[in-house]
Q: 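First the structure, then my questions, so here it is.
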Amino acid sequence: MHIYVIGTVLAVLFAKFAMNVKPYPSLKKSYYIWAVLSFLPLFLISALRYDVGTDYLYVYDPFFHAINAGENEFSEIGFNLINRITYLIVDDSALMFAVVAFLTLLFTFLAYYQQSVNVSYSILIFVISTIYFNSMNQIRQNLAMAIFLYAMKYIRRREPIKYYLWILLAFSMHTSSVLFVPLYFVYNLKVNVKAHFILMLGVFATLPFMQVLIRVLISLTPYAWYLNSMYSTSGFSYVQFAYTLMLLVMLYFCYLNSKDTEDKDYNFMLYMHLFALIFVTYSAVIPQSNRLMISMTVIQPLIVPKALLRIEEKNRRIVVFVIFLMLFGFKVFHDICIQGWYDVLPYQTIFSR
């Protein structure tokens with residue numbers, strides 16, 4: 001675990017240095033140097049790993065060779081293209097993993113530097129929320145999520161053509177990106193906490209009906225095979241539900257502790273986290289709903305720093321900051337150390353093969 005701690009500390013510190021010099025035009029070069037240095041630790045850890053991540057040898061390494069042998073491929077043409085291009089350079093999936101790690105971290109860090117109110121904090125949340133660790137497992141979906149995160153700026157600017165072109169690219173990496181299509185129209189919605197509470201009550205009340213309806217709908221799609229596979233069992237986790245709910249409650253608390261109800265960025269990301277809670281709730285009756293939830297939680301490193309700024313009183317802000325850290329600390333300890341999810345421990349490099 002120490003390799004991840006060291007990488008995170010370096011990334012956070014270098015990002016802090018970058019933001020300290022950003023206001024000074026004469027130090028523009030230093031800003032870019034520190035920004036790149038903040039990117040390198042987590043990128044190198046991800047790029048140089050070997051058999052780290054559940055899907056490393058189980059899915060992606062076999063597919064790498066199958067795609068280039070013409071025996072099998074993913075349904076996403078963009079990700080297949082990455083495999084074919086890297087295969088032309090070297091017949092080793094390690095390069096493909098490194099390229100995907102580079103693209104995922106590049107889009108992620110660009111999003112943080114362009115959109116976050118506190119880049120260092122965003123990078124910290126990126127790791128301790130386990131989004132970083134999951135990016136070494138479900139690499140297609142996480143690359144798509146990173147592209148969406150980068151493209152969020154076009155939602156804010158109300159530039160639909162640019163936004164949907166990037167989402168099209170994300171869709172070519174993972175089909176779950178279809179979830180990002182309607183989000184463009186969510187941006188102007190105002191938060192209504194009471195209405196959200198009633199919505200969640202409705203979600204709970206309709207679970208049995210939705211189980212039947214959505215399973216019928218899934219049976220009509222290319223993912224019908226899920227229903228008769230090992231993935232058809234419920235993936236509901238009381239811990240995941242409680243964690244998602246408590247985090248949403250904290251985000252509502254920060255929303256209500258500020259008079260600024262017109263912050264469209266915050267409102268938009270709050271809606272995304274509400275959707276995450278709905279998806280994790282549906283995981284009790286619908287297979288693989290957690291995969292949908294993951295797509296919505298990608299905004300956590302952006303919304304949490306923004307939430308803290310809504311707390312005007314200093315001591316209260318410190319308390320909220322500690323609560324957030326405790327929630328994320330529990331998350332990373334539970335997922336990585338107790339459950340062993342993502343298979344990121346022990347860490348080993350391609351040089352140890």
Side-chain angles (χ1 to χ4, degrees), residues 3-4 42-108 130-147 169-179 218 221-233 235 287-295 298 335-336 339-353:
I3 186 68
Y4 299 117
L42 295 179
F43 161 64
L44 291 175
I45 291 172
S46 184
L48 298 178
R49 75 190 192 279
Y50 174 72
D51 194 17
V52 173
T54 307
D55 292 346
Y56 193 105
L57 292 181
Y58 178 69
V59 176
Y60 290 106
D61 180 71
F63 260 90
F64 174 79
H65 298 287
I67 289 170
N68 292 289
E71 299 171 353
N72 203 352
E73 64 180 12
F74 294 105
S75 60
E76 295 90 354
I77 60 174
F79 195 82
N80 290 331
L81 184 60
I82 291 176
N83 279 263
R84 291 193 173 97
I85 292 175
T86 53
Y87 185 86
L88 291 175
I89 300 173
V90 60
D91 180 12
D92 190 337
S93 62
L95 178 61
M96 181 274 294
F97 283 108
V99 169
V100 173
F102 175 80
L103 293 174
T104 302
L105 273 295
L106 176 65
F107 283 117
T108 298
T130 71
I131 296 174
Y132 173 65
F133 296 109
N134 194 44
S135 73
M136 293 188 279
N137 178 24
Q138 300 165 348
I139 64 175
R140 286 180 298 144
Q141 183 175 0
N142 278 269
L143 174 54
M145 288 160 50
I147 294 172
L169 176 62
F171 186 81
S172 75
M173 300 301 165
H174 199 268
T175 53
S176 65
S177 299
V178 69
L179 290 174
I218 292 176
T221 72
Y223 295 97
W225 63 272
Y226 270 113
L227 301 178
N228 297 311
S229 72
M230 60 181 289
Y231 302 104
S232 63
T233 56
Q288 299 299 295
S289 285
N290 278 329
R291 294 289 293 262
L292 306 180
M293 176 270 295
I294 291 170
S295 293
V298 69
D335 290 4
I336 305 299
Q339 297 294 333
W341 291 346
Y342 317 120
D343 287 325
V344 294
L345 294 177
Y347 180 82
Q348 56 186 351
T349 72
I350 56 175
F351 306 110
S352 63
R353 288 185 294 181

Q: With rounding to the nearest 0.5 angstrom, report the CD1 to CG distance, Ile85 to Asn80.
A: 11.0 Å
Q: Mind listing the closest non-hydrogen atom pair of Val59 and Pro62 along with its distance?
A: O-CD, 3.2 Å
Q: Taking CG in Leu345 as the centre, count heavy atoms belonging to other residues, nucleotides or ligands within less than 6.0 Å. Is the count above 12?
A: yes
Q: Does any non-hydrogen side-chain atom of Ile3 lie less than 4.5 Å from one of Arg49?
A: no
Q: Taking Tyr132 for its side chain and Tyr4 for its backbone only, find out whether a donor-acceptor pair lies under 3.5 Å.
A: no
Q: Between CD1 of Ile131 and CG of Asn134, what distance do you get to the nearest 0.5 Å?
A: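 Here the rounded value is 8.5 Å.
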Q: Which value, rounded to the nearest 0.5 Å, describes the distance between Phe97 atom CZ and Tyr60 atom OH?
A: 8.0 Å
Q: What pair of heavy atoms forms the shortest contact from Ser46 to Met136, and how long is it?
A: OG-CG, 3.5 Å
Q: Using side-chain heavy atoms (C-beta onward) and a distance below 4.5 Å, is Phe74 in contact with Met173?
A: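 A side-chain contact under 4.5 Å is absent here.
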Q: Quick check for you: to the nearest 0.5 Å, what is the distance between Asn83 atom CG and Leu88 atom CG?
A: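 With rounding to 0.5 Å, CG (Asn83) is 11.0 Å from CG (Leu88).
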Q: Side chains of Ile82 and Leu103: does their closest heavy-atom pair fall under 4.5 Å?
A: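 They are in contact (side-chain heavy atoms under 4.5 Å apart), so the answer is yes.
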Q: Classify the side-chain pair Thr104/Asn142 by whether it contains a donor and acceptor separated by less than 3.5 Å.
A: no
Q: Tell me which pairs pass salt bridge (Lys or Arg N to Asp or Glu O under 4.0 Å) where either residue lies in residues 79-94, with sequence neighbours left out.
A: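 Checked against salt bridge (Lys or Arg N to Asp or Glu O under 4.0 Å) - neighbours excluded - the pairs reaching residues 79-94 are Glu73-Arg84, Asp92-Arg353.
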Q: Drop me the distance from Phe79's CZ to Ile67's CD1, to the nearest 0.5 angstrom.
A: 7.0 Å
Q: Any side-chain heavy atom of Val344 sitting closer than 4.5 Å to one from Ile336?
A: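 Contact flag for Val344/Ile336 side chains = yes.
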Q: Please examine the side chains of Thr130 and Tyr342, heavy atoms only from C-beta on, and report whether any two atoms are closer than 4.5 Å.
A: yes
Q: If you define the side chain from C-beta out and look only at heavy atoms, does anything of Leu143 sit under 4.5 Å from His174?
A: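 The answer is no, as the side chains (C-beta and beyond) never meet within the 4.5 Å cut-off.
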Q: Quick one: CG on Asp343 to OH on Tyr58, what's the gap to the nearest 0.5 Å?
A: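 So the gap between those two atoms works out to 12.0 Å.
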Q: Taking all atoms of both residues into account, what is the closest heavy-atom pair of Thr86 and Met96, and its distance?
A: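 Looks like OG1-CB, 3.6 Å.
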Q: How far apart are the closest heavy atoms of Val90 and Phe64, and which atoms are they?
A: O-CZ, 4.0 Å
Q: Would you call Asp335 and Phe133 a side-chain contact if the rule is heavy atoms closer than 4.5 Å?
A: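 A side-chain contact is absent here, since even the closest heavy-atom pair is not under 4.5 Å.
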Q: Write down the atom of Ala94, the atom of Tyr56, and the distance for their closest heavy-atom approach.
A: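 That would be CA-OH, 4.3 Å.
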Q: So do the side chains of Trp341 and Asn137 get within less than 4.5 Å of each other, counting heavy atoms only?
A: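 No, side chains not in contact.
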Q: Could you tell me whether the side chain of Gln141 and the main chain of Ser176 form a donor-acceptor pair under 3.5 Å?
A: no
